[in-house]
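Keep in mind it's a predicted model, so treat the numbers as computed, not measured. Proteins come first, then strands; the chains are lettered A, B, ... in the order of their sequence lines, and each starts at number 1. Only heavy atoms go into these numbers, but all of them, side chains included; no hydrogens, no water, no symmetry mates.
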Amino acid sequence: MVPVTAPYVAGFLAFREVPVLVEAVQRLQQEEPQLQPQVLLVDGNGLLHPRGFGTACHLGVLTDLPCIGVAKNLLHVDGLARDELHREQVRSLQRSGEAFPLTGTSGKVLGMVLRSHSNSSRPLYVSVGHRVSLGTAVRLVRACCRFRIPEPIRQADIRSREYLRRQPCAPVEGLEAVPASPESKKETELED
DNA sequence: GCGACAG
DNA sequence: ATCTTGTCGC
């Protein structure tokens, strides 16, 4: 079990999850040196990010391993949004493996929208993380998809939940739960 | 002006 | 992300 304190804020996911991911990579290198990953699929974005540096970039720099950002939803950045035009483009993806580039208002290609599986109309948002091209990233992600979610990410998800299911969170030292009361709520409303 | 916006 | 009831299809 690993305590995580930073809250989730869109655009700042790395500050919440990267420390734990780096720790996991280091443990793997130390405890299983014969299992050295050549690339990491990251549950989140890479260049497709408000500051062009999402979790996949962050983790890549800190581990010096090639990283690919794989998001299940579009993060609104550089004019990109889930508007009708975008939905129409997603609908145009018919067969598995079909994709189209995500070009922001700046004109830069920030990632690719990929239909990863024939049975799912919901696409994946693939972007460069570290030391890998966008083309290679899309090819690798597609090759890993037995279902919509790439198997490495899917298995990490399934197994971590399974672990948490039987190892309930232990209370964190020095962190006291504060129930929401009318009084405490009043203190957060700093007006005037 | 407010809300939308990876997990 | 999480919770939750039912439904559809192979």
Side-chain angles (χ1 to χ4, degrees), chain A residues 1-25 40-62 67-90 95-96 99-106 108-130 132 134 137-138 141 144-169 177 180 189 191:
Chain A
M1 262 296 291
V2 183
V4 175
T5 56
Y8 167 69
V9 180
F12 296 88
L13 177 65
F15 293 90
R16 172 180 171 82
E17 306 202 336
V18 162
V20 173
L21 297 178
V22 170
E23 193 178 307
V25 171
L40 302 181
L41 296 199
V42 181
D43 198 339
N45 290 304
L47 291 186
L48 180 53
H49 180 271
R51 293 170 296 285
F53 203 78
T55 303
C57 301
H58 213 130
L59 182 62
V61 168
L62 294 183
C67 286
I68 298 172
V70 183
K72 297 181 289 297
N73 292 96
L74 175 64
L75 177 57
H76 293 194
V77 70
D78 195 13
L80 298 172
R82 305 176 188 172
D83 51 22
E84 195 45 52
L85 169 61
H86 182 261
R87 297 184 186 187
E88 166 54 36
Q89 296 179 112
V90 168
R95 304 177 56 184
S96 170
F100 66 86
L102 276 173
T103 307
T105 304
S106 65
K108 297 176 181 176
V109 174
L110 304 178
M112 291 286 277
V113 182
L114 170 71
R115 174 148 184 164
S116 62
H117 195 275
S118 53
N119 289 359
S120 180
S121 57
R122 293 193 58 188
L124 273 111
Y125 298 87
V126 180
S127 62
V128 167
H130 190 61
V132 64
L134 184 54
V138 170
V141 168
C144 290
C145 288
R146 182 178 173 189
F147 302 106
R148 181 174 84 108
I149 306 301
E151 212 53 21
I153 291 178
R154 183 167 165 271
Q155 286 302 318
D157 236 61
I158 293 174
R159 299 183 188 201
S160 61
R161 285 181 210 294
E162 165 66 12
Y163 178 82
L164 290 178
R165 192 176 65 74
R166 30 181 298 180
Q167 285 288 302
C169 309
E189 299 173 351
E191 301 173 34

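Atom pair A:Leu47:CG and B:dA6:P shows a separation of 18 Å (rounding to whole Å applied). Protein atom CG of A:Asp83 is 12 Å distant from nucleotide atom P of B:dC5, rounded to whole Å. When the C1' atom of B:dG7 is taken as reference, atom CG of A:Leu124 falls 14 Å away, rounded to whole Å. What separates CD of A:Glu84 from C1' of B:dA4 is a distance of 16 Å, to the nearest Å. In this entry the distance linking CG of A:Leu75 with P of B:dA4 reads 14 Å, nearest Å. Distance A:His76 NE2 to B:dA4 P: 10 Å, rounded to the nearest Å.
Here A:Leu74 lies in heavy-atom contact (under 4.0 Å) with sugar-phosphate atoms only. Using a 4.0 Å heavy-atom cutoff across all strands shown, A:Arg16 reaches no nucleic acid atom at all. Contacts of A:Ala71 with the nucleic acid, taken as non-hydrogen atoms under 4.0 Å apart, involve only primed sugar atoms and P, OP1 or OP2. Within 4.0 Å (heavy atoms only), A:Phe12 reaches at least one base atom of the nucleic acid. Backbone-only engagement by A:Asp43 is indicated by non-hydrogen atom pairs under 4.0 Å involving sugar-phosphate atoms exclusively.
Between A:Tyr125 and B:dA6 there is no side-chain polar atom (N or O) within less than 4.0 angstrom of OP1 or OP2. The side chain of A:Arg82 places an N or O atom within less than 4.0 Å of a non-bridging phosphate oxygen (OP1 or OP2) of B:dC5. The side chain of A:Lys72 places an N or O atom within less than 4.0 Å of a non-bridging phosphate oxygen (OP1 or OP2) of B:dG7. Considering only side-chain N and O atoms, A:Asn73 lies under 4.0 angstrom from the phosphate OP1 or OP2 of B:dG7. Side-chain N/O atoms of A:Arg161 include one lying less than 4.0 angstrom from OP1 or OP2 on C:dT2.
Taking every heavy atom of both residues into account, A:Pro123 and A:Val113 meet most closely at CB-CG1, 3.5 Å. Taking every heavy atom of both residues into account, A:Pro19 and A:Ala14 meet most closely at CD-O, 3.6 Å. Counting all heavy atoms, side chain and backbone alike, A:Val70 lies closest to A:Val141 at CG2-CG2, 3.8 Å.
Dense packing is recorded around CZ of A:Arg51, with more than 12 heavy atoms of other residues, nucleotides or ligands lying under 6.0 Å away.
Counting heavy atoms from C-beta on, the side chains of A:Pro150 and A:Leu124 come closer than 4.5 Å.
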